[in-house]
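Heads up: the structure comes next, in structure tokens.
Side chains included, hydrogens not; waters and symmetry mates left out as well; all remaining heavy atoms used. Order of the sequence lines fixes the chain letters, A, B, ..., with proteins taken first and strands second; residue numbering starts at 1 for each chain.
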Amino acid sequence: MSMRNVNSTERVGQRVSSLFGVTLREAPGESEIESHSLLLRAGYVRQLATGIFSYLPLAWRSLRKIEQILREELDRIGGQELSLPVVHPAELWQQTRRWYDIDDTMARFVDRRDRDMLLAMTHEEAVAYHSATEIHSYRQLPALVYQVQTKFRDELRARGGLIRVREFLMKDSYSLDRDSAGLERQYQAHYEAYERIGARVGLPLTAVQSDVGMMGGKIAHEFMYVTPIGEDSLALCDSCGYAANRDVADFALNPERTEPEPMERVHTPGASTIAALSDLYEITAADTAKIVFYVGTFVNEQGEQYEKVVAAIVRGDLEVNVIQVQNLTGALELRPAQEEEIAMTGMVPGFASPVGIDQEAAIFVVDRWVADSPNLIMGANKVDYHLKNVCYGRDYDAAFVGPLAAVFEGASCAECGKGLRMVRGVEVGNIFQLGTRYSEALGAHFTDENGSERPIWMGSYGIGLGRLLACVAEEYCDDDGLELPMSVAPYHVTLIALAREENTHEVAERMFATLTEAGIEVLYDDRQDVSPGVKFKDADLRGLPLRVVIGDRSLANGGAELQRRAGGDSRLVPLDDLVHEIQTELDTLLKPLCI
RNA sequence: CGGGGCGUGGCUCAGUCCGGUAGAGCGCUGCGUUCGGGACGCAGAGGUCCCCGGUUCAAAUCCGGGCGCCCCGACCA
């Protein structure tokens, strides 16, 4: 499992004097976050436009190492590597509806023959399309194909350096099965492969249940790197291990079970917010319910889009989880409603309630805790009045009842009841059980033992390579620069020559050759017009795991100095032992990254 | 798409309020000195001041429009 090819004839060495990609003393004013700034300063990446980056040789070597790890782990679970186009004809995506369902995030263009084309955001369509012609029989299943390919998504806002970009490299794999049990197995295989990948690149990953988003399908997990700079919020239970993205996180509440009392209208002058209402009466926000208004985009049977107001009702002390509203109602899109749009429903903002409102006026969605809690306080749809003892089912109805409230720090775990912890995370990878949505849309069928034609069950699994590298950089760095793990670092060793004397220079040159011949990957700082301080600073910044110094002083002391980037004192090693000592260090540093 | 900030040499930035010869530090080139944690001296190169238009005798600076980049939010595999 070692990254290094001791027996290979390939020699991997690079002179700093000719390295394409200089170090920067000061970070360009492009980023706030550490990994971005360091990758720029160390000469790994450069930005070409918002969210569009070039990988300079150092980053590219790291990415290829990551890619190789991914390849090995995918091959290990039966994957076959292929390569699918980045440019797709619109027809494919029209057949799965995603041409219409996805907004400007999809980059489109028209070719010279006036055909609609797009830049692929992902490759389910292409895989399903090819499966239709390549897979005919149950005997050809299960199958697993994967690629490492460029994706383009014109995000509304790219940010965070390599964390959220518009063009990026992704490993995407697609499983093909005859039934859901087969899909389940391949899904599980990916789950385990992702854990191995995390271990091999040295990145702690937390698997969380996640929303399926534009992919469709049912079950999905995201593999998260937990960090304050993460864009996603996660709910974790330290007690039982429950982990979920905030978008789908479940939690437990124990609403008070009182007997329903008669509803009555009360005067509440000026109390247009939950807080004001709580102050006015001896109640807590949990005794109230509020409505959050959205306007949803829906599709009718004719395939026409239309908008309708969505009224989401949650307890006054909780927040609405928009994703869950979207999932419950089946809305393509939800946006906050304007005051006028709310007024059209007959409800009064600040004093709104579903009581006495025509069910057709809006789509009412009620959180299950509201539905389970009798005697809540809601608006009376009249300024300065509220209703007491409102009960779901008795006083009003709803189109949907379900989990709607967003999880929060300290909420009770739905599995074990202990307190949930909220953290931030970056989504490095994900796995989806798609089902038959794409295969049905694109006619990817096979014939089973009984001779009947059935759709292929698909799964889709992604890992962002650049994002993974950025997370590794984020995890492994200090004030002086990067401290990359051996499995990801572009070279194993940086060899620094501090040669005033001609002999020292010759020794360093010879050692550069010797090390590379021994299969050690070396970045050799051969610059003769640069002071030692600069070389040390640059070496620290680039963050290769091992540093070897050959200088007039070290030779006088009897050899070369060997030191780890991440802590550890420098030690003198006789030149004849250097190859062996480095290989020992290399194995030591690689060991915890092997599985 | 809403809010905020920025755009001047390769990089970091000053100059803009109050119009009048385009600057500093770092980097780069040459020579010399230095040489184990971002050395120093001397000499030098390098700029459509984001773009277009307007005002003015005169615009980096004022006015209008556009573009780009960063951050927050909304959004999003």
What's the gap between B:G38 and B:C26 when it is taken at their C1' atoms, as a whole Å value? 10 Å

Measure from the side chain of A:L156, starting at C-beta and using heavy atoms only, and say which of B:G37, B:C69, B:C75 lies closest. B:C75

Looking at B:G36, does its base get a donor-acceptor pair with the side chain of A:D552 below 3.5 Å? no

Relative to the 5' end of RNA chain B, which residue comes earlier, A:L498 or A:D103, by the nucleotide with the nearest heavy atom? A:L498

G-U wobble or Watson-Crick pairing nucleotide for B:G30 (cut-off 3.5 Å, both distances): B:C42

Mind checking A:R41 for me? I need base, sugar-phosphate or nothing, with any heavy atom below 4.0 Å counting as a touch. base

Using heavy atoms to find the nearest nucleotide of RNA chain B for A:R500 and A:A158 separately, return the residue whose nucleotide is more 5′. A:R500

Could you check whether A:R335 gets within reach of a base, just the sugar-phosphate, or nothing at all, counting any heavy atom under 4.0 Å? nothing

May I ask you to say what A:E231 touches in the nucleic acid, namely base, sugar-phosphate or nothing, with a heavy-atom cut-off under 4.0 Å? nothing

From B:G38, B:G36, B:G37, pick the nucleotide closest to the side chain of A:P532? B:G36

A:S531 side chain, from C-beta outward: closest of B:A74, B:C11, B:A39: B:A39

Taking atom P in both B:G19 and B:A59, what distance in whole Å separates the two? 13 Å

Integer angstrom distance from the C1' of B:G20 to that of B:U56: 12 Å

Sticking with atom C1', work out how far B:C18 lies from B:C1, rounded to a whole angstrom. 37 Å

Nearest whole angstrom, please: distance from the C1' of B:A74 to the CD of A:Q326. 13 Å

Among B:C75, B:G36, B:A39, which nucleotide sits nearest the side chain of A:V322? B:C75

Gap between atoms CG and P, on A:D525 and B:C35 respectively (whole Å): 19 Å

Heavy-atom closest contact (A:K171 atom, A:Y461 atom, distance): NZ-O, 3.1 Å

Please give the distance between the C1' atoms of B:C35 and B:C70 as a whole number of Å. 40 Å

It should be established whether A:Q528 places a side-chain nitrogen or oxygen under 4.0 Å from OP1 or OP2 of nucleotide B:C35. no

Length of the line joining A:H36:NE2 and B:C69:C1', which is rounded to integer Å: 11 Å

The side chain of A:R157 lies closest to which of these nucleotides: B:G36, B:A74, B:C69? B:A74

Given that both distances must come in under 3.5 Å, which nucleotide forms a Watson-Crick or G-U wobble pair with B:G47? none

With a 4.0 Å cut-off on heavy atoms, is A:S554 in touch with a base, just the backbone sugar-phosphate, or nothing at all? base

So what does A:A220 hit on the nucleic acid, given a heavy-atom distance under 4.0 Å: a base, only sugar-phosphate, or nothing? nothing

Separation between CD (A:E509) and CZ (A:R15), nearest 0.5 Å, reads 4.0 Å

To the nearest Å, give me how far apart CZ (A:R46) and C1' (B:C69) are. 16 Å

By the 4.0 Å heavy-atom rule, please label A:T50 as base, sugar-phosphate, or nothing. sugar-phosphate

Which whole number of Å gives the distance between the C1' atom of B:A22 and that of B:A60? 8 Å

To the nearest angstrom, how far is A:D540 atom CG from B:G36 atom P? 17 Å

Just call it for A:K535: base, sugar-phosphate, or nothing, with non-hydrogen atoms closer than 4.0 Å on any strand. nothing

Nearest-Å distance, NZ (A:K537) to C1' (B:C26)? 15 Å

Using atom C1' of each nucleotide, how far apart are B:U48 and B:G53 to the nearest Å? 16 Å

Between A:D525 and A:R547, does a salt bridge (Lys or Arg N to Asp or Glu O under 4.0 Å) hold up when you go through it step by step? CA-CA 11 Å; A:D525 199 340; A:R547 188 181 88 180; over 6 Å; no

Polar side chain donor-acceptor pair, A:T227 to A:R424, under 3.5 angstrom: no

Both distances below 3.5 Å, Watson-Crick or wobble geometry, any strand: find the nucleotide opposite B:U21. none

Working note: A:E124 + A:R98, criterion salt bridge (Lys or Arg N to Asp or Glu O under 4.0 Å); need CA distance, chi angles, decisive distance, verdict. CA-CA 11 Å; A:E124 283 77 16; A:R98 290 209 285 186; 2.9 Å; yes

Between A:R246 and A:E319, is there a salt bridge with N-O shorter than 4.0 Å? no

In this structure, how many angstroms lie between the P atom of B:C13 and the CG atom of A:L24, rounded? 13 Å

Pair A:R185 + A:D177, salt bridge at N-O below 4.0 Å: no

What I want to check is whether the side chains of A:S35 and A:E474 have a donor and an acceptor closer together than 3.5 Å. yes

Whole-Å gap separating C1' (B:G9) and CD (A:E26): 15 Å

When all nucleic acid strands are considered with a 4.0 Å heavy-atom cut-off, which category describes A:R547: base, sugar-phosphate, or nothing? base

Rounded to whole angstrom, note down the P distance from B:G46 over to B:G65. 37 Å

Quick one: look up who B:G73 pairs with, Watson-Crick or G-U, both distances under 3.5 Å, and put none if it's unpaired. B:C1

